[in-house]
2 protein chains.
Amino acid sequence: MKLGTKGRYAVMAMVDLAFYSEGKPLSLTEIAERQALPISYLEQLFLKLRQKGFVMSTRGHQGGYTLAKEAASIRISEILEAIGEPIETTRCKEESELGCLGTKGQCLTHALWAGLGRQMQQYLNGISLADVCQRRLT
Amino acid sequence: MKLGTKGRYAVMAMVDLAFYSEGKPLSLTEIAERQALPISYLEQLFLKLRQKGFVMSTRGHQGGYTLAKEAASIRISEILEAIGEPIETTRCKEESELGCLGTKGQCLTHALWAGLGRQMQQYLNGISLADVCQRRLT
DNA sequence: ACGATTCCTGACTAATTTAGTCAAGTATGA
DNA sequence: TCATACTTGACTAAATTAGTCAGGAATCGT
């Protein structure tokens, strides 16, 4: 159970943006350099982040990206979802499970994995970009 | 961020064992059939579970596996660790991180991922095989 | 003794996912 | 008009996953 670079990079870049931008657009080049991330990879990620409305882009000279919302209202969970790194603890689509273990028509372990997923979701849902910037983490 | 079949199967099988065995050994064939899991894959997993002391094996006719400890004292987290499905939210080995973002010599996001890992570990640590069997899940 | 059952173990592999690169284009400001 | 910077899709090498396969060794019932 591991976190891939996609999600990690996206959050790192967004935190960087929230932290260093002061209303002015930051170029991916700048972010990529500071965070030591591959720029072409970031391009892919920011494409999605823009399409989902988390950042705004300015093209051309002195262009770059800006947060489209306040840092305090962008949750980590949203970023991960936007770039396609969902939390998948259960395998079954929805709640349509037929009994693996007979007792009640639903596998015993299903509730376990669902609980784990809820736990993770809750944690990442409760933390915003601003929280990370200000080191407000439990 | 997804849970692989390795961890899922291992826990499913261990829960099955705890649930259906009554002191008597259960063969992998039986478990695999009931849970609809590939038997040769289970063999690999139970090899490790035995080496780590979570199950005991009996060979030959009427043989199989038995829990080596009480179901109430086997945590889900231990099973996952035993078969090599660790929780990896951070990438850095130990706490030896050099500053990605300048503020304090440690990357801002590190604390975030570490927190997530702690959260997951805590959840899986607090649940035993017996809990799953008795559907004592939050 | 023998044969069925079952664990034991390592080697191997097909398919998928990850983690990117590359190339070509479009828009903007100096 | 040129350098900067976003935009987008196609492509790919490497790693991981999710197993299969084959052969062996121990044990029990008959």
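Numbered from 1 within each chain, the chains take letters A, B, ... in sequence-line order. All heavy atoms count here, side chains included; hydrogens, waters and symmetry mates do not.
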Can you name the closest pair of heavy atoms from Val55(A) and Leu17(A) and give their distance? CG1-CD2, 3.9 Å
Nearest-Å distance for atom pair CG/P, residues Leu28(A) and dA3(D): 21 Å
Roughly how many Å is it from CG in Leu37(A) to C1' in dG20(C), rounded to a whole number? 12 Å
Any side-chain N or O of Ser40(B) less than 4.0 Å from the OP1 or OP2 oxygen of dC21(D)? no
In whole angstrom, what separates Ile83(A)'s CD1 from dA19(C)'s C1'? 12 Å
Nearest to the side chain of Tyr41(A), heavy atoms from C-beta on, is which of dT20(D), dG20(C), dT9(C)? dG20(C)
Round to a whole Å and report the spacing from NZ of Lys6(A) to C1' of dT16(C). 13 Å
What parts of residues 42-50 of chain A reach DNA chain D, counting only heavy atoms under 4.0 Å away? Glu43(A), Gln44(A), Leu47(A), Arg50(A)
Separation of Lys24(A) atom NZ from dA5(D) atom P, in whole Å? 15 Å
Nearest-Å distance for atom pair CZ/C1', residues Arg91(A) and dG19(D): 12 Å
To the nearest angstrom, how far is Glu88(B) atom CD from dT18(C) atom P? 14 Å
Would you confirm whether Thr89(B), through its side chain, and Trp113(B), through its main-chain N or O, come within 3.5 Å as a donor-acceptor pair? yes
For atom CD of Glu81(A), decide whether the heavy atoms of other residues, nucleotides or ligands shown that lie under 6.0 angstrom number more than 12. no
OP1 or OP2 of dG19(D) versus the side-chain N and O atoms of Tyr9(B): is any pair under 4.0 Å? yes
Rounded to whole Å, the CD1-C1' distance (Ile39(B) to dT9(C)) equals 15 Å
Any chance CD of Glu70(A) has more than 12 other-residue heavy atoms, nucleotides or ligands included, within less than 6.0 Å? no
Is the Lys NZ or Arg CZ of Arg34(B) less than 6.0 Å from the centre of Tyr20(B)'s six-membered ring, within 45° of the axis? yes
On a heavy-atom basis, the closest approach of Lys6(A) and Gly84(A) is NZ-O, 3.4 Å
Should the ring pair Phe46(A) and Tyr65(A) be called parallel, tilted or perpendicular, given that the plane angle runs from 0 to 90° and is split at 30 and 60? tilted
Tell me whether Ile39(B) is reachable from Leu47(B) by hopping between hydrophobic residues (I, L, V, M, F, W, Y) whose side-chain heavy atoms are closer than 4.5 Å. no
Quick one: does any side-chain atom of Arg8(B) pair with a main-chain N or O of Thr109(A) as donor and acceptor, under 3.5 Å? no
Under 4.0 Å from any atom of DNA chain C, heavy atoms only: list the residues of residues 56-69 of chain B that qualify, in numerical order. Ser57(B), Thr58(B), Arg59(B), Gly60(B), His61(B), Gly63(B), Gly64(B), Tyr65(B)
